[in-house]
Chemist: 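Once you've had a glance at the structure underneath, I'll fire off some questions.
Nothing here was measured: the structure is a model prediction, and the numbers come from that model.
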Amino acid sequence: MKNPFRKDLVSRSRPEACTVVIFGATGDLTHRKLVPALYNLQVEGALPAGVKIIGFARRDKSDEEFRSGLEELNKKVSRSGHDDKVWADFEQNIHYHQSEFQDQEGYDRLAERLDEIDRERGGKGNRLFYIASAPSFFDDVLEHLKKAGLSESEDSCWSRVIVEKPFGTDLPTAQHLNQVVNRTFNEKDTYRIDHYLGKETAQNIMVLRFANAIFEPLWNNNYIDHVQITCAENLGMEGGRGGYYDKAGALRDMVQNHLLQLLSLVAMEPPTDLSADGVRDEKVKVLRSMRQWDTPELVAENVVRGQYIAGHVDGEKVVGYREEDRVDPESMTESYVALKIMIDTWRWSEVPFYVRMGKQLPKKATEISIHFKEPPTVLFNALAGGVPGGNVLVIRIQPDEGISLRMVSKIPGANLRLEPVKMDFHYATSFGKGSPEAYERLLLDSMAGDATLFARRDEVEEAWKFIDHIENAWHESKNPPEMAEFVAGSWGPKEADELLAKSGHKWRRL
C-alpha cells in the first residue's frame with residue numbers, strides 16, 4: 001500500500017535496477033570517479049538492487065584483474081572510505097568486456113552478454129551506457145551501439161546514454177555530435193554530463209534564490225552591481241595533461257561548459273516547475289541573451305587571455321606554460337582567461353558578469369560572488385574610513401562548499417567604527433556530514449530518468465556560439481588580441497585587473 005505522506009517527500013522517480021556499461025573502463029575517470037561513486041551509493045544503500053557494472057575497454061583483462069585495479073584506487077579515493085566486506089559484495093556485480101571501440105563484433109558480444117545478465121537477474125533490460133572514452137571515439141561507440149540494437153528502448157525497459165565532456169570542440173563539431181547522438185538515442189534518453197551541476201552548492205543556487213523571500217526581490221539590476229564567477233586551479237600541466245590542454249585552452253575546457261552553466265543558474269528566471277525541461281528552458285534563454293563579442297575589437301575590449309610564466313606555487317618553483325611537458329614552445333593557447341559578459345534581459349540590463357579561470361593560481365577554489373550596490377552613505381560620511389564596501393553574497397562551489405553573506409557592522413566599543421563581517425554556512429557543519437560527490441548524484445539521476453542536471457542540445461550549441469566568436473578573434477583574425485603574461489602563483493595578468501577597473505570594479509580576493 002502506498003504511503004500517502006511520502007508523495008511530497010519524493011522529488012523524483014526512484015532509480016530502477018539496470019546494467020551500467022562504461023566505455024573507457026581502464027581510464028582515470030572510471031577508476032577515480034565513476035566506480036567509487038557507485039561504491040559510495042552502495043554503502044549508503046542508494047544503489048538500486050540488481051545493478052550490474054560492465055567495463056568496456058580495449059586492453060586485455062580478466063574480471064579479477066579489472067576488479068583488483070578498481071579496488072586498489074577505491075581504497076585511496078572513496079569518499080566514505082573502503083570497507084572490505086562491502087567491496088566483496090559490490091565487486092561481484094562488476095565485469096569486464098574487452099573490445100576495440102570500432103569492432104562491431106565486440107558490441108554484438110556485449111548485446112549477448114547483457115541479455116544473459118537480464119535473464120540471470122530475472123529483471124528488466126534497462127541499460128545505461130556511459131561514454132567515458134576519448135572524445136575521438138564518441139561517434140564510433142554511438143554508431144556501433146545502434147547497429148547492435150542496444151540504443152533502442154523496448155517494451156517497458158529503457159536504454160540511456162551519458163556523454164562525457166568535451167561535447168565538441170566548437171559549434172560545428174558539437175552540432176555533428178548532436179546529430180550522431182540523436183540518430184542513435186532519443187533526446188530524452190541522452191544525458192550530456194557536466195559534473196559541476198552535480199555539486200550540492202550548484203544545485204542549491206535555485207533553492208537559495210527561489211525558496212528564500214529575502215533574495216529573489218533583490219536579484220536584479222536595481223540592487224545587484226555585478227557578479228563574479230571564479231574558477232582557480234593551483235596545478236599546471238602535471239601528468240602529461242599538456243597534450244590535451246594545449247589543444248583546448250581555458251576557454252573551451254572550463255568556460256564553455258562549467259562556468260556558463262553556473263552563470264545560467266544565477267541569471268535564469270524562475271522556471272514554471274522543477275522538471276528537466278522547465279529548468280533547462282530558462283537556462284537556455286540566458287545563454288541566448290548573452291551579448292555576442294563577435295569582432296576582434298569587441299573581444300579585445302571584453303576578454304583577456306593569458307599564459308603563466310615561471311614562478312612559485314605553494315612554495316614550489318614551477319616552469320612557465322610554454323616550458324610544460326607536451327606543450328608547444330610557441331603555443332598561443334591560453335591557460336588563463338577573464339571575460340566580461342553582458343546579459344541583455346530586463347532583469348540584468350547593464351549588470352556585468354565577470355568570469356575568470358586560470359591554472360597555476362595561488363589556490364584551488366571555485367566560487368560565485370554577488371556584489372550588491374552600496375547604500376547611500378550620508379549617515380556615515382563623517383566617519384574615518386567611511387563605510388567599508390557593500391554587501392556580497394558568496395556561493396562557494398569547491399572545495400569548502402557553503403554560502404556566506406558579507407555585511408557591515410559596528411565594532412564593539414564607545415566609538416562608532418564600521419567593519420565588514422560574515423554570516424557563514426558550511427555544509428559539513430550545518431548538516432553534520434560532507435556533500436556527496438557530484439558523480440553520485442548524476443549517476444543516480446540518470447538511472448531515475450531525471451535529466452534536470454544535464455545539458456540539453458540547445459544549451460550546448462548556444463554556449464558554443466558565444467565561445468566560437470572569441471576563439472575566431474584569437475586564432476582566425478588578422479589582428480588578434482594580444483596574449484598577456486603573469487607570474488605563476490599570482491592571481492593573473494594585470495590586464496584582467498584593468499578589465500574590471502574600467503567599470504570601477506575589482507576582483508574579490510579568495
Chemist: When you compare the side chain of Val319 with that of Glu324, does any pair of heavy atoms fall below 4.5 Å?
Modeler: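 Yes, their side chains come closer than 4.5 Å.
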Chemist: Between the main-chain N or O of Lys199 and the side-chain N or O of Arg441, is there a donor-acceptor pair closer than 3.5 Å?
Modeler: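 Not confirmed, Arg441 side chain does not pair with Lys199 backbone.
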Chemist: Going through the checks in order, is the salt bridge (Lys or Arg N to Asp or Glu O under 4.0 Å) test met by Lys364 and Asp314?
Modeler: CA-CA 11 Å; Lys364 178 180 175 64; Asp314 294 333; over 6 Å; no
Chemist: Between Trp348 and Ala267 (side chain of the first, backbone of the second, donor and acceptor by atom type, cut-off under 3.5 Å), is there such a pair?
Modeler: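 Looks like yes, one N/O pair under 3.5 Å.
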Chemist: Please list all pairs passing the ring-ring contact (aromatic ring centres under 6.0 Å, His included) test where one or both residues lie in residues 192-217, with sequence neighbours left out.
Modeler: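 Residue pairs passing ring-ring contact (aromatic ring centres under 6.0 Å, His included), neighbours aside: His195-His258, His195-Tyr439, Tyr196-His258.
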Chemist: Does atom NZ of Lys422 have more than 12 heavy-atom neighbours from other groups under 6.0 Å away?
Modeler: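 No, not enclosed.
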Chemist: By side chain to side chain donor-acceptor pair (under 3.5 Å), which residues pair with Asp140, not counting sequence neighbours?
Modeler: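 So Asp140 forms no side chain to side chain donor-acceptor pair (under 3.5 Å) with any residue.
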Chemist: Strictly by modelled atom types, are Asn204 and Thr201 linked by a side-chain donor-acceptor pair under 3.5 Å?
Modeler: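 No - no donor-acceptor pair under 3.5 Å links their side chains.
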Chemist: Mind listing the closest non-hydrogen atom pair of Asp246 and Arg326 along with its distance?
Modeler: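 Taking every non-hydrogen atom into account, CB-O, 4.4 Å.
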Chemist: Just to verify, what does Phe137 make a ring pair (Phe, Tyr, Trp, His ring centres under 6.0 Å) with, not counting sequence neighbours?
Modeler: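 Testing Phe137 for ring pair (Phe, Tyr, Trp, His ring centres under 6.0 Å), a comparison that skips the adjacent residues, returns Phe101.
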Chemist: Show your reasoning for whether side-chain contact (heavy atoms from CB on, under 4.5 Å) applies to Arg406 and Val394.
Modeler: CA-CA 8 Å; Arg406 189 181 99 149; Val394 178; over 6 Å; no
Chemist: Could I get the full list of side-chain contact (heavy atoms from CB on, under 4.5 Å) partners for Arg241, not counting sequence neighbours?
Modeler: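 Per chain and number, Arg241 pairs via side-chain contact (heavy atoms from CB on, under 4.5 Å) with Tyr244, Tyr245, Asp253, Lys359.
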Chemist: Using a 4.5 Å cut-off on heavy atoms from C-beta on, say whether the side chain of Phe466 contacts that of Leu287.
Modeler: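 In short, these two side chains do not touch, never coming nearer than 4.5 Å.
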Chemist: Any chance CD of Glu482 has more than 12 other-residue heavy atoms, nucleotides or ligands included, within less than 6.0 Å?
Modeler: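 Count not over threshold, so no.
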Chemist: Which residues satisfy the side-chain contact (heavy atoms from CB on, under 4.5 Å) test with Leu274, sequence neighbours excluded?
Modeler: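 Leu274: side-chain contact (heavy atoms from CB on, under 4.5 Å) contacts with Met206.
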Chemist: Using the side chain to side chain donor-acceptor pair (under 3.5 Å) criterion, which residues pair with Lys33? Sequence neighbours excluded.
Modeler: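 Not a single residue meets the side chain to side chain donor-acceptor pair (under 3.5 Å) criterion with Lys33.
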Chemist: Take atom CG in Asn479; do more than 12 heavy atoms of anything else shown fall under 6.0 Å from it?
Modeler: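 No, CG of Asn479 has 12 or fewer neighbouring heavy atoms, counting only those of other groups under 6.0 Å.
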Chemist: Taking the side chain as everything from C-beta on, heavy atoms only, tell me whether Ile193 gets closer than 4.5 Å to Leu442.
Modeler: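 Of all side-chain heavy-atom pairs linking Leu442 with Ile193, at least one is under 4.5 Å.
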Chemist: For the residue pair Asp468 and Lys465, establish whether any side-chain heavy-atom pair is separated by less than 4.5 Å.
Modeler: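 No, too far: nothing below the 4.5 Å cut-off.
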Chemist: Answer yes or no: are there more than 12 heavy-atom neighbours, outside Lys373 itself, under 6.0 Å from its atom NZ?
Modeler: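 Count over threshold, so yes.
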Chemist: State, to 0.1 Å, how close Leu443 and Ile162 come at their nearest heavy-atom pair, and which atoms those are.
Modeler: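 Nearest heavy atoms, Leu443 then Ile162: CD2-CD1, 4.4 Å.
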Chemist: Run the ring pair (Phe, Tyr, Trp, His ring centres under 6.0 Å) test against His505 and tell me which residues pass, sequence neighbours left out.
Modeler: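 His505 satisfies ring pair (Phe, Tyr, Trp, His ring centres under 6.0 Å) with His226, Tyr354 only.
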Chemist: Under 4.5 Å between any side-chain heavy atoms of Glu471 and Asp170, yes or no?
Modeler: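 Answer no - side chains too far apart.
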Chemist: Examine distances only and state if a side-chain atom of Arg252 and a backbone atom of Thr169 form a donor-acceptor pair shorter than 3.5 Å.
Modeler: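 Side chain of Arg252 to backbone of Thr169: a pair is present.
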Chemist: Using every non-hydrogen atom in the two residues, find where Ala473 and Pro481 come nearest and quote the distance to one decimal.
Modeler: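 For Ala473 and Pro481, the tightest heavy-atom pair comes out as O-CD, 3.6 Å.
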Chemist: Taking atom types as modelled, is there a side-chain donor on Arg192 or Asn178 under 3.5 Å from an acceptor on the other?
Modeler: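 Indeed, the side chains of Arg192 and Asn178 share at least one donor-acceptor pair under 3.5 Å.
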Chemist: Which heavy-atom pair separates Ile397 from Glu401 by the least distance, and what is that distance?
Modeler: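 Closest pair (atom of Ile397, atom of Glu401, distance): O-CG, 3.1 Å.
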Chemist: Per the ring-ring contact (aromatic ring centres under 6.0 Å, His included) rule, what does the pair list look like for residues 294-342, sequence neighbours excluded?
Modeler: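 The answer is Tyr308-Tyr321, Tyr336-Phe486.
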Chemist: Determine whether Ser331 and Gln307 satisfy the following criterion, side-chain contact (heavy atoms from CB on, under 4.5 Å), listing intermediate values before the conclusion.
Modeler: CA-CA 9 Å; Ser331 174; Gln307 292 176 339; 3.9 Å; yes
Chemist: In Å, rounded to the nearest 0.5 Å, how long is the span from CG of Leu29 to OG of Ser133?
Modeler: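 Output value for this atom pair is 10.5 Å.
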Chemist: Would you call Glu367 and Arg396 a salt bridge, using N to O less than 4.0 angstrom?
Modeler: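 Salt bridge: no.
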Chemist: What heavy-atom pair brings Phe167 and Val181 nearest, and what distance separates the two atoms?
Modeler: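 Shortest heavy-atom separation between Phe167 and Val181 comes out as CZ-CG2, 4.3 Å.
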Chemist: Is it the case that the side chains of Asn40 and Glu437 hold a donor-acceptor pair, with the cut-off being a distance below 3.5 Å and no angle test?
Modeler: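 Not at all, the side chains of Glu437 and Asn40 share no donor-acceptor pair under 3.5 Å.
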Chemist: Measure from the side-chain N and O atoms of Gln228 to the backbone N and O of Arg508, and report whether any donor-acceptor pair falls under 3.5 Å.
Modeler: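 It does hold such a pair.
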Chemist: The criterion is side-chain contact (heavy atoms from CB on, under 4.5 Å); which residues satisfy it with Pro480, sequence neighbours excluded?
Modeler: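 Testing Pro480 for side-chain contact (heavy atoms from CB on, under 4.5 Å), a comparison that skips the adjacent residues, returns Arg305, Ser477.
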Chemist: Quick one: does Arg79's side chain get under 4.5 Å of Pro436's, heavy atoms only?
Modeler: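 In contact.
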Chemist: Dump the intermediate steps for salt bridge (Lys or Arg N to Asp or Glu O under 4.0 Å) on Glu143 and Lys146, then the final yes or no.
Modeler: CA-CA 5 Å; Glu143 296 284 10; Lys146 181 177 175 62; over 6 Å; no
Chemist: Could you tell me whether Lys506 atom NZ has more than 12 heavy atoms of other residues or ligands within 6.0 Å of it?
Modeler: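 Open.
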Chemist: Treating Trp507 as the side-chain partner and Arg356 as the backbone partner, does any N or O pair qualify as donor plus acceptor under 3.5 Å?
Modeler: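 Checked: no pair found.
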Chemist: Check whether Asn220 reaches the backbone of Asn222 with its side chain - one donor and one acceptor, N or O, closer than 3.5 Å.
Modeler: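 Answer holds: yes.
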Chemist: Does the side-chain contact (heavy atoms from CB on, under 4.5 Å) test come out yes or no for Leu265 and Lys283, once each step is laid out?
Modeler: CA-CA 7 Å; Leu265 286 171; Lys283 284 165 55 190; 4.1 Å; yes
Chemist: With a cut-off of 6.0 Å (strictly less than), are more than 12 heavy atoms of other residues, nucleotides or ligands near CD of Glu316?
Modeler: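 Counting other residues, nucleotides and ligands, CD of Glu316 stays at 12 neighbours or fewer.
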Chemist: Return the CG to CZ distance between Leu142 and Phe23, rounded to the nearest 0.5 Å.
Modeler: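 Output value for this atom pair is 8.5 Å.
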Chemist: Working note: Glu164 + Ile131, criterion side-chain contact (heavy atoms from CB on, under 4.5 Å); need CA distance, chi angles, decisive distance, verdict.
Modeler: CA-CA 6 Å; Glu164 256 296 338; Ile131 307 181; over 6 Å; no
Chemist: Hey, what do you get for CG (Leu251) to OG1 (Thr333), rounding to the nearest 0.5 Å?
Modeler: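 The CG atom of Leu251 sits 11.0 Å away from the OG1 atom of Thr333.
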Chemist: Mind checking whether Leu73 and Arg32 have side chains closer than 4.5 Å, heavy atoms only?
Modeler: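 Yes, close enough: below the 4.5 Å cut-off.
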Chemist: Going by side-chain contact (heavy atoms from CB on, under 4.5 Å), name the residues that satisfy it together with Ile411, two or more places apart in sequence or in a different chain.
Modeler: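 For Ile411 the side-chain contact (heavy atoms from CB on, under 4.5 Å) partners, ignoring immediate neighbours, are Arg417, Glu419.
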Chemist: Is there a side-chain contact between Glu187 and Arg457, using heavy atoms and a 4.5 Å cut-off?
Modeler: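 Side-chain contact under 4.5 Å: yes.
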Chemist: Measure across Pro270 and Arg347 and return the closest heavy-atom pair with its distance rounded to 0.1 Å.
Modeler: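 Smallest interatomic distance, heavy atoms only, reads CD-NH2, 3.9 Å.
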Chemist: Quick test of your reading: applying ring-ring contact (aromatic ring centres under 6.0 Å, His included), list the pairs with at least one residue in residues 168-192, sequence neighbours left out, ordered by first then second residue.
Modeler: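 Output for this query lists Tyr191-Phe454.
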Chemist: What pairs meet the salt bridge (charged side-chain N to carboxylate O under 4.0 Å, His left out) rule with one or both residues in residues 291-303, with sequence neighbours excluded?
Modeler: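 Every salt bridge (charged side-chain N to carboxylate O under 4.0 Å, His left out) pair that includes a residue of residues 291-303, provided the two are not neighbours, is Arg291-Asp344.
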Chemist: Less than 3.5 Å apart, any donor N or O on the side chain of Asp277 or Ser275 sitting next to an acceptor on the other?
Modeler: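 Distance-only check fails for Asp277 and Ser275.
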